[in-house]
Each structure stands twice: as structure tokens, then as C-alpha cells.
Undergrad: 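What follows is a single structure, and I will ask about it in a moment.
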Amino acid sequence: MSVTVHISAPLRRFTSGESEVEMTANNVLDCIDELEARFPGIRGNILNEHSQRHKFVNIYLNGDDVRSLQGLSTTIRPGDEISIVPAIAGG
């Protein structure tokens, strides 16, 4: 069984428009690395060069912000859902 990753609209240009993808990973960082392997270029829009989440990107595991869990080291289990949401600013 896998994990469902919800891809927000600003990142769908990397996934050929797919809004959901299935991944098999042990933690959030592994999941992002697997996304990069399947969709080159997406990682740089989620993490910086030090493998830290960009401040303008929110990552949720089953609705909980991973910052309130164990960050990118948060363990994921089959059936979990991850949402990657870059903040949108406007004015």
C-alpha cells in the first residue's frame, strides 16, 4: 500500500497536471526525494539546497502540519495522505 501525495496547483507543472500521486516512502523527506525522482525539478520548489522546507511551503500529513510533528523526518505509513501547499501571496 502506498501514500497519497496531493499536489497543489502551482506544482502541477512538474507532474504533467496530476493532482495526486502515489508514493512508497518511510518519511516525508524520502517522499519528496521520490517525487523528485519521478518529477525532476519539483524538489527545488519544496526544499532548499540544505534539504530544509522553504518557508513559503506548508507540508501536511493527514491534515497536521509536519512542523508540529517531526518535520521532514516524520514517519509515514501506508494509507497516509500528504499535502504540499506553497503559500500564495497577492495584493
Side-chain angles (χ1 to χ4, degrees):
M1 190 178 222
S2 58
V3 173
T4 301
V5 180
H6 299 279
I7 308 295
S8 62
L11 296 174
R12 290 183 195 157
R13 62 191 164 119
F14 296 100
T15 63
S16 298
E18 290 184 61
S19 62
E20 291 183 356
V21 294
E22 298 294 319
M23 299 281 146
T24 55
N26 295 318
N27 62 44
V28 175
L29 182 58
D30 290 346
C31 186
I32 294 169
D33 288 339
E34 188 175 330
L35 277 172
E36 176 66 19
R38 285 180 55 186
F39 306 107
I42 196 168
R43 188 180 198 277
N45 286 269
I46 301 168
L47 305 177
N48 66 21
E49 63 276 2
H50 304 292
S51 295
Q52 297 172 331
R53 179 189 54 81
H54 286 297
K55 292 180 186 193
F56 59 86
V57 175
N58 297 309
I59 302 172
Y60 300 95
L61 175 64
N62 300 323
D64 294 322
D65 192 322
V66 297
R67 289 178 287 194
S68 67
L69 303 170
Q70 289 82 40
L72 298 177
S73 299
T74 301
T75 300
I76 54 179
R77 293 176 175 75
D80 281 348
E81 294 189 13
I82 294 175
S83 297
I84 302 172
V85 184
I88 308 254

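One-based numbering along the sequence shown. Since the structure is predicted, the reported quantities are computational estimates derived from the model, not experimental observations.
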Undergrad: Under 4.5 Å between any side-chain heavy atoms of Ile59 and Ser83, yes or no?
TA: no
Undergrad: Among residues at least two apart in sequence or on other chains, which ones pass salt bridge (Lys or Arg N to Asp or Glu O under 4.0 Å) with Arg53?
TA: none
Undergrad: Taking atom types as modelled and ignoring hydrogens, do the side chains of Ser51 and Arg43 form a donor-acceptor contact shorter than 3.5 angstrom?
TA: yes
Undergrad: When you measure from the side chain of Asp65 to the backbone N and O of Ser68, does any donor-acceptor pair fall under 3.5 Å?
TA: no
Undergrad: Check whether any side-chain heavy atom of Asn26 sits under 4.5 Å from a side-chain heavy atom of Thr75, and report yes or no.
TA: no
Undergrad: What's the verdict on side chain to side chain contact (heavy atoms under 4.5 Å, CB included) for Leu47 and Val57, showing C-alpha distance, side-chain angles and the deciding distance?
TA: CA-CA 8 Å; Leu47 305 177; Val57 175; over 6 Å; no
Undergrad: Measure the spacing between CZ of Arg77 and OG of Ser2 and express it to the nearest 0.5 Å.
TA: 15.5 Å
Undergrad: Distance check, rounded to the nearest 0.5 Å: Ile32 atom CD1 versus Leu29 atom CG?
TA: 6.0 Å
Undergrad: Going through the checks in order, is the side chain to side chain contact (heavy atoms under 4.5 Å, CB included) test met by Val5 and Glu20?
TA: CA-CA 6 Å; Val5 180; Glu20 291 183 356; over 6 Å; no
Undergrad: Please tell me whether Val85 and Val3 are part of a single hydrophobic cluster in this structure, the criterion being side-chain heavy atoms less than 4.5 Å apart.
TA: no
Undergrad: Should Ile42 and Leu35 be marked as a side chain to side chain contact (heavy atoms under 4.5 Å, CB included) after you check the CA-CA gap, both sets of side-chain angles, and the distance that decides it?
TA: CA-CA 7 Å; Ile42 196 168; Leu35 277 172; 4.0 Å; yes
Undergrad: Quick check against the 3.5 Å criterion: does Ser8 have a side-chain atom that pairs as donor or acceptor with the backbone of Ile84?
TA: yes
Undergrad: To the nearest 0.5 Å, what is the distance between CD1 (Ile46) and CZ (Phe14)?
TA: 8.5 Å
Undergrad: Can you tell me how far apart CZ (Phe39) and CZ (Arg13) are? Round to the nearest 0.5 Å.
TA: 14.0 Å
Undergrad: What's the spacing between Arg38 CZ and Thr15 OG1 if we round to 0.5 Å?
TA: 9.5 Å
Undergrad: Within a strict 4.5 Å, meaning less than it, do heavy atoms of the Ser19 and Ile7 side chains meet?
TA: no
Undergrad: Would a distance-only check, ignoring hydrogens and angles, find a side-chain to backbone donor-acceptor pair under 3.5 Å from Asn62 to Glu81?
TA: yes
Undergrad: Could you go step by step and tell me if Cys31 and Met23 meet the side chain to side chain contact (heavy atoms under 4.5 Å, CB included) rule?
TA: CA-CA 7 Å; Cys31 186; Met23 299 281 146; 3.8 Å; yes
Undergrad: Tell me whether Val21 shares a hydrophobic cluster with Ile82, the cluster being built from Ile, Leu, Val, Met, Phe, Trp, Tyr side chains joined at under 4.5 Å.
TA: yes
Undergrad: Would a distance-only check, ignoring hydrogens and angles, find a side-chain to backbone donor-acceptor pair under 3.5 Å from Glu36 to Gly41?
TA: yes
Undergrad: Would Thr4 and Glu22 count as having a side-chain donor-acceptor pair, cut-off 3.5 Å?
TA: yes
Undergrad: Going only through I, L, V, M, F, W and Y residues with side-chain contacts under 4.5 Å, is there a path from Leu72 to Tyr60?
TA: no
